[in-house]
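Quick notes on the structure that follows.
Residue indices begin at 1 and follow the sequence shown. Note that the coordinates shown come from a computational prediction; the quantities given were computed from them, not determined experimentally.
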Amino acid sequence: MKEEKIITPANGYLMLFVFLILLLGSVALILTTGQVLFVIGIILAILIVKGFIMVQPNNSRVLLLFGEYVGTINKNGFFWVNPFYSKKKISLRASNFDSERLKVNDKLGNPIMISTILVWRVQDTYKAAFDVDNYENFVRVQTDAAVRKLASMYPYDNFADEGHTEDITLRSSVNEVSATLEKEIDERLSIAGIEVLEARIGYLAYAQEIANAMLKRQQATAIVAARHKIVEGAVSMVEMALEELGKKEIVDLDEERKAAMVSNLMVILCGDKDASPVLNTGTLNQ
């Protein structure tokens, strides 16, 4: 398999001077001598015109001679090449690609919507021009394939209640997932001479048919976690209250009164609404 070959063509300004001399000289000789033979000079001048080429910054021209690869011009400027060369323009600039939102299944089988943002550029003009049919379409198709594979490798989120305790998830492990995605796309696009500069997830959400159910599940998980913290704090406060009462001998509580006090404090501390106290005007036993 051939590799990219960088060539330096002739100076375009020099050949422009030759073109003007040849054209003006031929016309002058025809007018002065009347000989048609000097028409050959005009034909040569026209051929010279076909060889002029201008390469802008971060662009390139792939040159072919009757189907055979000659080389690549990646230096910007005004040049002249063989008029019989066919020239194919390939941009070397960085390009953005925002993929469509794909509906795929994550590792746990949940349908999700996912898309990626890819920054890429052509690194090898020979591979981009001849090893694939259309390198821009190749980037789109292979990126979609890589995103589908990535989604099947990780779950959308952790669900400890079902025993799924993955360290890496699509939602929370942004850096790890982006690194894996970039590596996967880079391996796929290397055949086309494409360099991946950056790849990251641009959109991530549950599919519409399960979005509401998953939202309720996440809310329930958050409520359970909050309740766990509230109960943990309430138990600590009740324990501290009983310890301080016993240490300072403010009141002597038997086991039954301790249980009642603990129950009342837990209701007050863990309740959703403010407690409405009931004043006891009798004895402690009533």
Side-chain angles (χ1 to χ4, degrees), residues 1-98 117-143 185-199:
M1 184 176 63
K2 290 186 177 180
E3 296 180 354
E4 181 184 53
K5 182 172 65 175
I6 304 300
I7 62 173
T8 303
N11 189 294
Y13 297 102
L14 177 62
M15 293 304 299
L16 179 62
F17 178 74
V18 173
F19 159 75
L20 293 174
I21 295 298
L22 185 60
L23 178 63
L24 296 177
S26 298
V27 172
L29 289 174
I30 291 174
L31 294 176
T32 54
T33 63
Q35 296 185 10
V36 185
L37 182 63
F38 293 106
V39 175
I40 297 176
I42 297 178
I43 297 175
L44 292 176
I46 295 174
L47 288 176
I48 289 177
V49 170
K50 292 188 63 178
F52 289 118
I53 183 174
M54 184 178 295
V55 182
Q56 297 178 351
N58 285 326
N59 277 277
S60 67
R61 294 292 189 278
V62 176
L63 306 179
L64 293 91
L65 180 61
F66 304 120
E68 182 180 357
Y69 174 68
V70 177
T72 300
I73 305 173
N74 60 5
K75 183 179 180 181
N76 62 294
F78 183 56
F79 305 104
W80 185 86
V81 297
N82 190 327
F84 296 101
Y85 284 170
S86 59
K87 313 167 190 71
K88 184 175 182 179
K89 179 180 178 181
I90 294 181
S91 175
L92 303 179
R93 299 172 182 173
S95 300
N96 282 319
F97 170 61
D98 188 0
I117 298 176
L118 177 68
V119 183
W120 61 277
R121 67 182 176 190
V122 175
Q123 188 177 39
D124 190 314
T125 56
Y126 179 85
K127 291 181 178 181
F130 306 114
D131 284 357
V132 293
D133 183 41
N134 184 325
Y135 69 91
E136 292 182 344
N137 183 64
F138 187 81
V139 170
R140 290 191 292 269
V141 174
Q142 293 302 319
T143 299
I185 297 178
D186 187 64
E187 291 177 355
R188 292 172 178 267
L189 299 186
S190 60
I191 188 176
I194 305 296
E195 178 187 9
V196 176
L197 301 178
E198 183 184 6

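In this structure, F19 CZ and Y13 OH are separated by 15.5 Å, a value rounded to the nearest 0.5 Å. A distance of 8.5 Å separates NZ of K87 from CG of N82, quoted to the nearest 0.5 Å. The line from CD of E195 to CZ of R121 is 4.5 Å long, rounded to the nearest 0.5 Å. Atoms CG and CD1, on D124 and I90 in that order, are 9.0 Å from each other to the nearest 0.5 Å. Summarising the geometry, atom CZ belonging to F138 is positioned 11.0 Å from atom NZ belonging to K127; distances are rounded to the nearest 0.5 Å. Taken to the nearest 0.5 Å, the CG atom of L118 stands 11.5 Å off from the CD atom of Q142.
Crowding of L47 atom CG: a count of heavy atoms from other residues, nucleotides or ligands under 6.0 Å exceeding 12. Under a cut-off of 6.0 angstrom, the local environment of CD in Q56 is sparse, with at most 12 non-hydrogen atoms contributed by other residues, nucleotides or ligands. Atom CG of N137 sits in a crowded spot, with more than 12 heavy atoms from other residues, nucleotides or ligands closer than 6.0 Å.
For the pair V27/I42, a side-chain contact is recorded, criterion being any heavy-atom separation below 4.5 Å from C-beta on. With a 4.5 Å cut-off on side-chain heavy atoms, F79 and V55 count as touching. Residues L22 and I48 are in side-chain contact: their nearest non-hydrogen atoms beyond the backbone lie under 4.5 Å apart. Taking 4.5 Å as the limit, every side-chain heavy atom of R188 sits out of range of all side-chain heavy atoms of I185. By the 4.5 Å heavy-atom criterion applied to side chains, I117 and F97 are not counted as neighbours. Considering only heavy atoms from C-beta on, W80 stays 4.5 Å or farther from I53 through its side chain. Residues V81 and I73 have side chains in contact (heavy-atom distance under 4.5 Å, counting atoms from C-beta outward).
At least one donor-acceptor pair under 3.5 Å links the side chain of Y69 to the backbone N or O of K5. Between the side chain of Q123 and the backbone N or O of I194, no donor-acceptor pair lies under 3.5 Å. No donor-acceptor pair closer than 3.5 Å links the side chain of K88 to the backbone N or O of S86.
Among all heavy-atom pairs drawn from N96 and V119, the shortest one is OD1-CG2, 3.2 Å. Here the shortest heavy-atom pairing between G41 and S26 reads CA-OG, 3.2 Å. Residues M54 and F78 approach most closely at CE-CD1, 4.2 Å, considering heavy atoms.
With hydrogens and angles left out, the side-chain atoms of T72 and T125 include a donor and acceptor closer than 3.5 Å.
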Verdict with supporting geometry, I6 and N74, side chain to side chain contact (heavy atoms under 4.5 Å, CB included)
CA-CA 7 Å; I6 304 300; N74 60 5; 3.4 Å; yes
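Ring geometry, Y135 versus W120: the interplanar angle exceeds 60°, so the pair is classed perpendicular (tilted spans 30 to 60°).
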